[in-house]
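Okay, structure first, notes after.
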Amino acid sequence: MDYVREIMNTDKLEKLFFIPESLKNKMVEVIIIPIQEKNKGIAKLRGALKKYRNTSLIKDEENIWERVMTEKYGNS
């Protein structure tokens, strides 16, 4: 894993970070280490419900909206 390590005066860091009075105008060590990003929630869930699918019902879902509206409101 790559990282950055630098020793510098806190005067250079005041624009980026809050520096307490006790550390102002002193040399400090700055270490930058990347964090590991978690996978996006969408990618993790893809296919999670696959085991519950019923392929025989997929054909019936084709015109379900029309059928439900016809049943509820009659012939339009």
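What you see below is based on every heavy atom in this structure, not just the backbone, and it leaves out hydrogens, waters and symmetry mates. Worth saying up front: this structure is predicted, and the values here are computed from it rather than measured.
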Checklist entry - By the rule that ILVMFWY residues connect when side-chain heavy atoms come within less than 4.5 angstrom, directly or transitively, which residues belong alongside F17? => result V4, M8, L13, L16, I19, L23, V28, V30, I32

Checklist entry - Taking only residues two or more places apart in sequence, or in another chain, which ones meet I64 in a side chain to side chain contact (heavy atoms under 4.5 Å, CB included)? => result R67, V68

Checklist entry - Which residues pass the side chain to side chain donor-acceptor pair (under 3.5 Å) test with E21, sequence neighbours left out? => result K24

Checklist entry - How many angstroms lie between CD in E66 and CG in N63, if you round to the nearest 0.5 Å? => result 5.0 Å

Item to check | Partner residues of D2 under the side chain to side chain contact (heavy atoms under 4.5 Å, CB included) criterion, sequence neighbours left out | outcome: none

Next on the checklist: Who clusters with L57? Use side-chain heavy atoms, under 4.5 angstrom, across I, L, V, M, F, W and Y, and order the result by chain and number.
Outcome noted: none

Checklist entry - With N54, which residues qualify under side chain to side chain donor-acceptor pair (under 3.5 Å), at least two apart? => result S56

Item to check | K26 NZ to D11 CG distance, which is reported to the nearest 0.5 Å | outcome: 12.0 Å

Item to check | For I31, all residues meeting side chain to side chain contact (heavy atoms under 4.5 Å, CB included), sequence neighbours excluded | outcome: R5, E29, I33

Next on the checklist: Counting C-beta onward and ignoring hydrogens, is there a side-chain heavy-atom pair between T10 and K12 closer than 4.5 Å?
Outcome noted: no

Item to check | Side-chain hydrophobic cluster, 4.5 Å single linkage: members besides F18 | outcome: none

